Amino acid sequence: MAEQYRLKRWLIFTEDSVTSTQKWVRERVSALSDRTVILAGVQTAGRGRSGRAWKSPGGGFYASFLLKPSPPIALAPCVSLLAAVMLARLLKRQGIPASVKWPNDVIVHEKKVAGIIAEAGSFPESWFILGIGVNLTESPLIPARKFLPAGSWMEFGDAPAPADLLEKFLMEFDSCWKNREDNPMDGIIAELDSILWRKGGQVTLSEGENTFHGVVRQIDGNGSLVLLTDSGERRFVSGELLTVPGERGKDD
Ligand code: BTN
């Protein structure tokens with residue numbers, strides 16, 4: 001049975017264990033109101049991006065945030081980036097040098113500490129669910145993954161309790177994005193630029209069946225990645241940055 005409490009404008013539900021906080025919200029989306037959060041102690045079937053699993057043992061941070069109605073869909077990548085920058089800000093406040101790897105991973109010393117997923121729909125009314133997973137005490141990403149290895153907050157400093165992290169996160173999130181009609185990028189573009197993973201460095205980007213090479217220029221106001229490629233500047237709305245040049249983008 002979920003417990004609940006209020007945190008400013010947010011209603012927080014807590015559960016010891018769920019399959020996935022994304023699924024928890026999705027199943028109740030008609031009944032829940034705007035600014036509802038579910039924070040779970042464990043997930044038995046946590047979901048990552050691109051159909052991957054997100055292993056979720058006890059001690060980690062697993063939360064999903066419902067916005068209803070959904071912000072304009074063009075802003076979806078910006079909301080995820082806002083969340084990544086807010087997490088990086090909290091890590092940096094503890095002296096931990098966090099960066100944001102496009103599209104929205106939080107990285108410390110070349111290890112992935114947090115991942116973010118966003119899902120949206122329009123039935124019975126528009127909704128947007130932002131899911132955030134932070135490795136606080138363990139680094140449980142699936143080992144076959146050919147991306148950055150996982151790291152945990154505790155490897156680099158004192159890890160907060162999940163409920164404390166939620167409170168701090170929401171304070172930052174709300175203070176940076178006060179009006180739903182505004183583009184959240186407006187308040188974070190300079191900060192994001194200063195902590196952008198591999199900025200000025202050569203990267204390989206996998207987008208569907210295609211692979212691109214280029215130098216990271218910036219993330220633009222729409223949340224798109226700008227790469228300087230041999231054929232000039234290109235903007236990417238989706239894709240995955242690989243860690244080793246030429247590496248394939250699939251798990252195996
Ligand atoms: C990624 O692949 O990097 C995104 C991972 C997102 C994981 C979080 S944990 C809370 C929420 N519930 C899920 O099932 N997934 C997200």
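Just the heavy atoms: all of them, side chains too, but no hydrogens, waters or symmetry mates, feed the values below. One-based numbering, in listed order, for ligands and for the atoms of each. These numbers come from a predicted model, not from an experiment.
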Heteroatom proximity flag, [X] to ligand 1, N/O under 3.5 Å:
{"X": "Q43", "value": "yes"}
{"X": "W54", "value": "no"}
{"X": "Y62", "value": "no"}

Backbone, side chain, both or neither: what part of [X] comes under 4.0 angstrom of ligand 1, heavy atoms only?
{"X": "R52", "value": "neither"}
{"X": "D105", "value": "side chain"}
{"X": "S64", "value": "side chain"}

Can you list the atoms of ligand 1 that are under 4.0 Å from a heavy atom of [X]?
{"X": "T21", "value": "10 (C), 11 (C), 12 (N)"}
{"X": "G46", "value": "14 (O)"}
{"X": "I116", "value": "3 (O), 4 (C)"}
{"X": "K112", "value": "1 (C), 3 (O)"}

Query - S175 side chain to M171 backbone, donor-acceptor under 3.5 Å - result: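 At least one qualifying donor-acceptor pair exists.
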
Report task. Could you tell me if any non-hydrogen atom of K23 lies under 4.0 Å from any atom of ligand 1? Result -> no

May I ask you to test the [X]-[Y] pair for a side-chain heavy-atom distance under 4.5 Å?
{"X": "W10", "Y": "Y5", "result": "no"}
{"X": "F128", "Y": "E119", "result": "no"}
{"X": "S238", "Y": "E207", "result": "yes"}

Report summary line: The reported gap from CH2 in W153 to CG in L165 (rounded to nearest 0.5 angstrom) is 5.0 Å

Query - Six-ring centre of W24, R28 cation under 6.0 angstrom, axis tolerance 45° - result: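 R28 over W24 ring: yes.
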
Report summary line: With sequence neighbours left out, the residues meeting side chain to side chain contact (heavy atoms under 4.5 Å, CB included) with A40 are V18, T21

Query - W197: partners by ring pair (Phe, Tyr, Trp, His ring centres under 6.0 Å), with sequence neighbours left out - result: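 Applying ring pair (Phe, Tyr, Trp, His ring centres under 6.0 Å) to W197 gives none.
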
